[in-house]
Amino acid sequence: MTSALILFPIFPLVFLTLLQTAFNAQKVKKAVLNKSLDPKWLKFMPSWEAVPDEIQASREHLKNLHQAPIIFYVYCIIAYIVSHVTLLTLLLAWTYVLFRTIYYLIRQINQKISLRRNPFAITILLSVILWIDLLVFLVSQV
């Protein structure tokens, strides 16, 4: 099995992040045009200035897309470098992507934490399993 296969699950998450970046920019533009957001806010983004809830939710979602998958990206790159790619790791990685996508869609449609809690928890669990598997592999190589 080629190690490069572990890099492919990175791409859907990057594309989701880019998509959310575009959605966020569009929401900010709309808010500025309808005057619910002062265009000066774009220059400094002061925390004390009121920001419409829709903009704040979109920004938080975008920040989450930049933060949460980082350890997954690092895992995929290290697994590729050390050639630790198995059918199990590929299945877990793609399952991670599936649940991050489900989380993304839920967050786009409905802001209730109770709806997105389980997909988020599953991605954390999958990440832990992937990292433990990688650690066991690396220890066995020493």
Side-chain angles (χ1 to χ4, degrees), residues 1-33 36-142:
M1 182 172 303
T2 176
S3 291
L5 290 174
I6 199 66
L7 298 176
F8 286 95
I10 293 172
F11 288 92
L13 297 178
V14 169
F15 293 142
L16 278 179
T17 304
L18 295 173
L19 181 64
Q20 184 60 30
T21 301
F23 285 159
N24 189 61
Q26 188 61 32
K27 286 180 183 195
V28 169
K29 179 181 176 183
K30 183 180 173 186
V32 168
L33 290 175
S36 63
L37 183 64
D38 186 344
K40 292 178 189 173
W41 176 82
L42 295 170
K43 186 173 183 178
F44 299 110
M45 296 184 179
S47 59
W48 61 85
E49 187 168 331
V51 177
D53 288 344
E54 183 177 306
I55 301 296
Q56 189 60 34
S58 180
R59 289 183 70 229
E60 290 302 317
H61 192 186
L62 183 59
K63 284 195 275 185
N64 184 263
L65 283 165
H66 280 283
Q67 296 165 349
I70 296 247
I71 59 173
F72 177 74
Y73 299 153
V74 171
Y75 164 82
C76 291
I77 293 166
I78 292 173
Y80 168 74
I81 290 169
V82 300
S83 296
H84 180 57
V85 179
T86 65
L87 182 58
L88 175 65
T89 58
L90 284 173
L91 286 172
L92 292 172
W94 280 108
T95 303
Y96 178 93
V97 170
L98 172 68
F99 278 95
R100 282 301 301 178
T101 303
I102 291 168
Y103 175 86
Y104 175 87
L105 293 171
I106 291 171
R107 188 146 187 185
Q108 282 296 101
I109 296 166
N110 191 320
Q111 293 299 313
K112 289 185 180 178
I113 293 173
S114 62
L115 294 176
R116 61 185 200 247
R117 180 184 314 127
N118 289 339
F120 183 80
I122 291 169
T123 61
I124 297 299
L125 178 62
L126 289 166
S127 186
V128 168
I129 294 168
L130 285 166
W131 277 99
I132 290 172
D133 180 69
L134 182 60
L135 177 61
V136 168
F137 171 77
L138 290 173
V139 168
S140 74
Q141 300 299 304
V142 178

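All values below were derived from every heavy atom in this structure, side-chain atoms included, with hydrogens, water molecules and symmetry-related copies excluded.
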Practice prompt. Considering non-hydrogen atoms only, spot the tightest contact between Ile71 and Ser127 and give its length.
Written response: CD1-OG, 3.5 Å

Worksheet item: For residues 76-85, which residue pairs qualify under side chain to side chain donor-acceptor pair (under 3.5 Å), counting only residues two or more places apart or in two chains?
Response: Ser3-Ser83, His84-Asp133

Worksheet item: Do other residues, nucleotides or ligands put more than 12 heavy atoms under 6.0 Å from the CG atom of Leu33?
Response: yes

Worksheet entry | Ile81 CD1 to Ile77 CD1 distance, which is reported to the nearest 0.5 Å | 7.0 Å

Worksheet item: Do the side chains of Leu90 and Met1 get nearer than 4.5 Å, heavy atoms only?
Response: yes

Worksheet item: At what distance, to the nearest 0.5 angstrom, does CG of Leu7 lie from SG of Cys76?
Response: 7.0 Å

Item to complete: Applying salt bridge (Lys or Arg N to Asp or Glu O under 4.0 Å), name anything that partners Lys63, two or more places apart in sequence or on another chain.
Response: Glu60

Worksheet item: So how far is it from Leu5 CG to Leu87 CG, rounded to the nearest 0.5 Å?
Response: 10.5 Å

Worksheet item: Is the count of non-hydrogen atoms from other residues, nucleotides or ligands lying under 6.0 Å from Tyr73 atom OH greater than 12?
Response: yes

Enumerate, atom names and distances included, each donor-acceptor pair closer than 3.5 Å involving a side-chain atom of residues 9-26, sequence neighbours excluded.
| unit_1 | atom_1 | unit_2 | atom_2 | d |
| --- | --- | --- | --- | --- |
| Thr17 | OG1 | Leu13 | O | 2.9 |
| Gln20 | OE1 | Tyr104 | OH | 3.2 |
| Gln20 | NE2 | Ser58 | OG | 3.2 |
| Thr21 | OG1 | Thr17 | O | 2.8 |
| Asn24 | OD1 | Ser58 | OG | 2.8 |
| Asn24 | OD1 | Arg59 | N | 3.4 |

Practice prompt. Scan for side chain to side chain donor-acceptor pair (under 3.5 Å) pairs involving residues 86-101, sequence neighbours excluded, and state none if there are none.
Written response: Asn64-Arg100, Thr86-Thr89

Worksheet item: What do the steps show when you test Val97 against Phe72 for side chain to side chain contact (heavy atoms under 4.5 Å, CB included), and what is the final call?
Response: CA-CA 9 Å; Val97 170; Phe72 177 74; 4.2 Å; yes

Fill in: Any residue meeting side chain to side chain donor-acceptor pair (under 3.5 Å) with Glu54, in chain and number order, not counting sequence neighbours
none

Discussion item. Quick test of your reading: applying ring pair (Phe, Tyr, Trp, His ring centres under 6.0 Å), list the pairs with at least one residue in residues 111-132, sequence neighbours left out, ordered by first then second residue.
Written reply: Tyr75-Trp131, Tyr103-Phe120

Worksheet, complete the sentence: One should read off an interatomic distance between Leu125 CG and Asn118 CG, to the nearest 0.5 angstrom, of 11.5 Å

Fill in: Gap between atom CG of Leu115 and atom CD1 of Ile109 - 0.5 Å precision
10.0 Å

Worksheet item: Which heavy-atom pair separates Leu134 from Ala79 by the least distance, and what is that distance?
Response: CD1-CA, 4.4 Å

Discussion item. Show the nearest heavy-atom pair for residues Ile102 and Pro119, with the distance to one decimal.
Written reply: CG2-CG, 3.9 Å

Fill in: Non-hydrogen side-chain atoms of Val85 and Thr2 separated by less than 4.5 Å
no

Worksheet item: To the nearest 0.5 Å, how far apart are CD1 in Ile106 and OG in Ser114?
Response: 9.5 Å

